[in-house]
Amino acid sequence: MPGIALVTGANRGIGLEVVRQLAAKQWRVFLTGRCLDSIERAAVSLSAPSVIPVVLDVTDQESIDRAVKTIAQTVDHLDVLVNNAGILNDHDDSVLNLPPDRLRQMFETNTIGPLLVTQAFLPLLRKSAAARIINVSSAVGRLTGMGPAVPAYGISKTALNGVTGKFAAALKNSGIAVNSVDPGWVRTEMGGSEAPRSVEQGADTIVWLATEAPQSMTGLFIRDRKPIPW
Ligand SMILES: NC(=O)c1ccc[n+]([C@@H]2O[C@H](COP(=O)([O-])OP(=O)(O)OC[C@H]3O[C@@H](n4cnc5c(N)ncnc54)[C@H](OP(=O)(O)O)[C@@H]3O)[C@@H](O)[C@H]2O)c1
């Protein structure tokens, strides 16, 4: 049955594709992002009346609170939260001389942002019969077989997986499923044109988790619809 979802960082890339696929399944979707022009253009590009643009900067508590207020005036619950917004700007860094500000900046968006957004939307999620929280993580954050590339981004995604584990444990008795997803290497502004996967492929597991996966799947790191080691 179609539900109500919110996707962060949805004005382009994987987030926009997740919104497109959910809207195609008749879901009502809040397409959120930090720039009003950009989210309005993205929503128009989908020509789907069930898609509603709302400004939400995941690094700004006031912006998060305003988005909660706006959305709570429109719907009485939320079934799915997709914490998709992310940044990656340390392609040339090495952990051997990583500037601490780079790490802080990456944590603000990739780790603390999803934590704050999840906290803020929990009251609406708790009103769903079967809520799901999906954190879009990355293979470069895996502790198993970690490589040296993009250290600040990678560490921020390892910590995001920690956020997933902690929320999954804290919400287990509430029946709210919380998982991390690795979308694979995807052709977006972040992934670049050389990436092997399309946005459709990158969004697939996220949309599956949002709409079809067993509610009992929680506290997992998932790629291609299957759990993988952290
Ligand atoms: N592409 C890949 O190969 C790949 C692989 C593994 C994981 N991922 C993850 O997948 C997610 C989506 O990435 P993508 O490839 O679609 O990247 P993208 O095309 O660069 O899109 C990133 C999105 O995040 C938004 N964003 C950044 N900072 C934000 C903030 N403070 N508040 C709200 N939105 C913000 C961006 O909005 P603006 O337009 O305003 O900047 C944009 O909409 C990310 O979490 C990324 O780490 C991607």
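Start at 1 and go down the list; that is how both ligands and their atoms are numbered. Everything quoted here is computed from the prediction, not taken from an experiment.
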Ligand 1 to [X] polar contact by distance, N or O atoms, under 3.5 Å:
| X | result |
| --- | --- |
| Pro183 | no |
| Gly9 | yes |
| Ser38 | no |
| Asp182 | no |
| Val186 | yes |

Closest to [atom] among [options] (heavy-atom distance):
| atom | options | value |
| --- | --- | --- |
| atom 11 (C) of ligand 1 | Asn83, Val55, Asn84 | Asn84 |
| atom 14 (P) of ligand 1 | Thr188, Thr59, Val82 | Thr188 |
| atom 27 (C) of ligand 1 | Arg34, Glu108, Arg223, Arg12 | Arg34 |
| atom 13 (O) of ligand 1 | Glu189, Arg197, Met190 | Met190 |

Could you tell me which atoms of ligand 1, counted from 1 in the order shown, lie closer than 4.0 angstrom to a heavy atom of [X]?
| X | answer |
| --- | --- |
| Val136 | 9 (C), 10 (O), 11 (C), 45 (O) |
| Ser138 | 6 (C), 7 (C) |
| Gly184 | 2 (C), 3 (O), 4 (C), 5 (C), 6 (C) |
| Ile87 | 27 (C), 28 (N) |
| Leu56 | 32 (N), 33 (C) |
| Trp185 | 3 (O) |
| Ile14 | 10 (O), 15 (O), 16 (O), 48 (C) |
| Thr109 | 28 (N) |

Whether [X] side chain and [Y] backbone form a donor-acceptor pair below 3.5 Å:
| X | Y | answer |
| --- | --- | --- |
| Arg132 | Ala213 | yes |
| Gln215 | Ala131 | yes |
| Asp60 | Ser63 | yes |
| Thr205 | Asp224 | yes |
| Thr109 | Ile87 | no |

Check: [X]/[Y] side-chain N/O donor and acceptor closer than 3.5 Å:
| X | Y | result |
| --- | --- | --- |
| Ser174 | Arg126 | yes |
| Asp182 | Ser138 | no |
| Asp79 | Ser128 | yes |
| Asp101 | Gln105 | no |
| Thr118 | Asn83 | yes |
| Ser137 | Asn161 | yes |

Please list the nearest protein heavy atom to [atom] with its residue and the distance rounded to 0.1 Å.
| atom | result |
| --- | --- |
| atom 7 (C) of ligand 1 | Ser137 O, 3.0 Å |
| atom 24 (O) of ligand 1 | Gly86 N, 3.4 Å |
| atom 39 (O) of ligand 1 | Asn11 ND2, 2.7 Å |
| atom 47 (O) of ligand 1 | Tyr153 OH, 2.5 Å |

Report the distance from atom CG of Leu16 to atom CZ of Arg41, rounding to the nearest 0.5 Å.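 With rounding to 0.5 Å, CG (Leu16) is 11.5 Å from CZ (Arg41).
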
Would you mind telling me if ligand 1 is within reach of the side chain of Arg187, the backbone, both or neither, using heavy atoms under 4.0 Å?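 It is neither; nothing of Arg187 touches ligand 1.
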
At under 4.0 Å between heavy atoms, is it the side chain or the backbone of Cys35 that contacts ligand 1, or both, or neither?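 It is neither part, as no heavy atom is under 4.0 Å.
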
Does Ile133 belong to the same Ile/Leu/Val/Met/Phe/Trp/Tyr cluster as Val82, with side-chain heavy atoms less than 4.5 Å apart forming each link?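 Each belongs to a different hydrophobic cluster.
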
Using the rule that two of Ile, Leu, Val, Met, Phe, Trp, Tyr join whenever any of their side-chain heavy atoms come within less than 4.5 Å, decide whether Ile206 and Leu56 are in one cluster.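 They do not share one cluster, since no chain of ILVMFWY contacts under 4.5 Å joins Ile206 to Leu56.
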
Return yes when Gly113 approaches ligand 1 closer than 4.0 angstrom through a heavy atom, no otherwise.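 It does not; every heavy atom stays at 4.0 Å or beyond.
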
Heavy-atom contact check, 4.0 Å cutoff: does Asp57 meet ligand 1?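 Asp57: in contact with ligand 1 (<4.0 Å).
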
Determine, step by step, whether Lys127 and Leu78 satisfy the side-chain contact (heavy atoms from CB on, under 4.5 Å) criterion, reporting the C-alpha distance in whole Å, the side-chain angles of both residues, the deciding distance to 0.1 Å, and the verdict. CA-CA 7 Å; Lys127 292 184 183 155; Leu78 196 62; over 6 Å; no

